[in-house]
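Side-chain atoms are counted along with the backbone in the values below, which use heavy atoms only and exclude waters and symmetry mates. The first residue of the sequence shown is numbered 1, and numbering continues consecutively from there.
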Amino acid sequence: MTEQTRNDSNDGSASKSDDTHVDAKKQLTVTLPGADGSSMIEAVLELPADTTKHPRLAKITKHSSGEAGSETPDVRETHAILSVGSGHQQAASFYDEVVGPILAAVFPNDHQKFRVHTTTSATSVLELTNDVIFTKANAGTALRIIVLSGDGGVIDLVNGLSSHSTSPSYVAPQVVLVPLGTANALYHSVNMGKMNTWGINTLASSESRALPIFTASFSPGARLLIDEARSEEELSKDPSTGRPTLHGAVVCSWGMHASLVADSDTAEYRKFGVERFKMAAKEALYPADGSAPHAYKARVSVLKGEEWTTLKEEEHMYTLATTVSNLEQPFCISPYSKPLDGSIHLVHFGPTSGDEAMRLMGLAYQGGKHIEDPAIRYEAIDGIRIEFEGREDEGRWRRICVDGKIVRVEKDGWVELRKDTRRVLEIVTV
């Protein structure tokens, strides 16, 4: 990861965005409070017709707010992470052309101290978290991290911070979400029902809420698949249990969802943006040999309170536990999930035809109407356990998705997810 010092470092505070709207010319106007307390910054962004492109900054205007200047808030040490491989690979240009100039206008006295990190590999964010972010946060330094990426950037922060024991001085870093990934599930769920401002309206907000997380523990032989599944590596082990572990904040799935995420995670598929998931789904649901979609076999149990209950079904197609409402902006997988409320919901249905599976998933694009269908099991849970018991010979049917990361479990292996009560990050809101 490369690092520069430029345009970033305040607690990003001031107060709420004052006015956000889109006019007839498809221009997004976001009004932010200046850090001096006596000015307002109006940023006008031109929204492109091509939705795969980021907005362009048309102009920035500074106005007097008509109020006496207040004392400048305490400065937080601020880092910006540019994940250059995320989504349509626009993080660096969006920062240079839009985010950076807005930060310079909002924080004229502090922005030059901001440290900008550009990723150079798939492990860059995790390495930065382990080497820099955790050390500072654990020593009591109040940090603000502007993350220009998809969900993966935040999840790497979560895993890096969760892998260490924290001191009494630990201060959970604040994270500003700038959605530049493929699906941006966390961003769209946190901002459910709100206008998409590309995170610009949070750049000057001092409000934040704890990010709920979960822990997925695996049987000893589980392996993390990397480099388009051409390689695998061991997972980090939980120091207290010795189990291979991943932490997440969005979704843990097995079956159709995990398969399509894994199968579409290639350079070729990523060219198509969010459409890659639909493309992979069609291939999985309509096998070339004309056979029915695979019926995934395992014992599935759900946890409510302290009691585990095994589902009566022994074959499954879609098994997904999620803390968020939307996996994409229009794809409402869990309509009862509220932003950052800490709940986990199970979405499940059994083996069916490709057409029926497409129908059920299509209902999720209609505001989450799939949960009204009798074929869908939808409920709040505290955990889930999937035990393969030798029922699946092929490794591809034993792939687990945790926030986009794919883990292959051994033939008689298992995975268990539970809520994690730790609060390692806070998400900046308005």
Side-chain angles (χ1 to χ4, degrees), residues 1-6 8 52 54 78-96 99-100 114-137 143 145-164 173 175-187 216 222-237 244-250 261-274 276 399-408 424-425:
M1 175 176 285
T2 60
E3 176 184 343
Q4 304 174 49
T5 299
R6 62 179 187 189
D8 298 56
T52 67
H54 66 67
T78 302
H79 298 255
I81 297 176
L82 316 185
S83 179
V84 297
S86 294
H88 293 279
Q89 302 175 357
Q90 301 178 81
S93 61
F94 192 54
Y95 187 90
D96 289 339
V99 176
F114 288 19
R115 282 179 257 184
V116 178
H117 310 270
T118 302
T119 60
T120 55
S121 73
T123 59
S124 289
V125 177
L126 190 58
E127 291 166 0
L128 175 69
T129 306
N130 287 324
D131 297 343
V132 178
I133 303 298
F134 175 77
T135 302
K136 290 178 175 288
L143 300 173
I145 308 170
I146 304 171
V147 182
L148 287 80
S149 77
D151 298 310
V154 179
I155 301 315
D156 283 341
L157 284 168
V158 167
N159 274 280
L161 295 171
S162 300
S163 65
H164 303 280
V175 170
V176 176
L177 299 174
V178 180
L180 290 173
T182 300
N184 306 299
L186 185 58
Y187 172 86
R223 293 292 184 269
L224 178 67
L225 303 184
I226 58 174
D227 189 24
E228 300 184 5
R230 288 187 287 260
S231 303
E232 60 181 44
E233 62 183 33
E234 290 189 6
L235 292 161
S236 299
K237 289 183 172 58
T245 300
L246 273 178
H247 304 281
V250 177
V261 171
D263 292 342
S264 68
D265 190 18
T266 66
E268 184 61 31
Y269 263 118
R270 284 186 175 275
K271 295 177 182 177
F272 299 98
V274 75
R276 70 185 176 99
R399 292 178 296 183
I400 307 295
C401 172
V402 177
D403 290 2
K405 298 182 185 296
I406 303 299
V407 177
R408 185 171 55 220
V424 299
L425 282 178

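A distance of 9.5 Å separates CD1 of I133 from CG of L425, quoted to the nearest 0.5 Å. Once rounded to the nearest 0.5 Å, the distance linking CG of L235 with CG of L224 reads 5.5 Å. In this structure, the separation between CG on L225 and CD on E233 is 9.5 Å, given to the nearest 0.5 Å. Interatomic distance, CG of L148 versus CG of L177, reported as 10.0 Å (0.5 Å rounding). Rounded to the nearest 0.5 Å, atoms CD (Q89) and OG (S83) are 9.5 Å apart.
Nearest heavy atom pair, residue V424 against residue L161, reads O-CD1, 3.6 Å. Between H79 and V132, the shortest heavy-atom contact is CE1-CG1, 4.3 Å. When every heavy atom of G85 is checked against every heavy atom of T119, the shortest pair comes out as N-OG1, 4.4 Å. Contact record, A137 with P173: CB-CG, 4.0 Å, taken as the closest heavy-atom pair. For the residue pair N130 and H164, the shortest heavy atom distance occurs at OD1-NE2, 3.0 Å. Taking every heavy atom of both residues into account, N184 and S149 meet most closely at OD1-O, 3.7 Å.
For S124 and H117, the side-chain atoms include no donor-acceptor pair closer than 3.5 Å.
Checking I146, T118, L128 one by one against I81, the side-chain contact (heavy atoms from CB on, under 4.5 Å) holds for a single residue, L128.
Contact check for R223 versus E234: side-chain heavy atoms found under the 4.5 Å cut-off. By the 4.5 Å heavy-atom criterion applied to side chains, H247 and N159 are counted as neighbours. Counting only heavy atoms from C-beta outward, the side chains of D151 and D403 never approach each other to under 4.5 Å.
By the salt bridge (Lys or Arg N to Asp or Glu O under 4.0 Å) test, D156 pairs with K405, sequence neighbours left out. Judged as a side chain to side chain donor-acceptor pair (under 3.5 Å), and not counting sequence neighbours, the contacts of E232 are R408.
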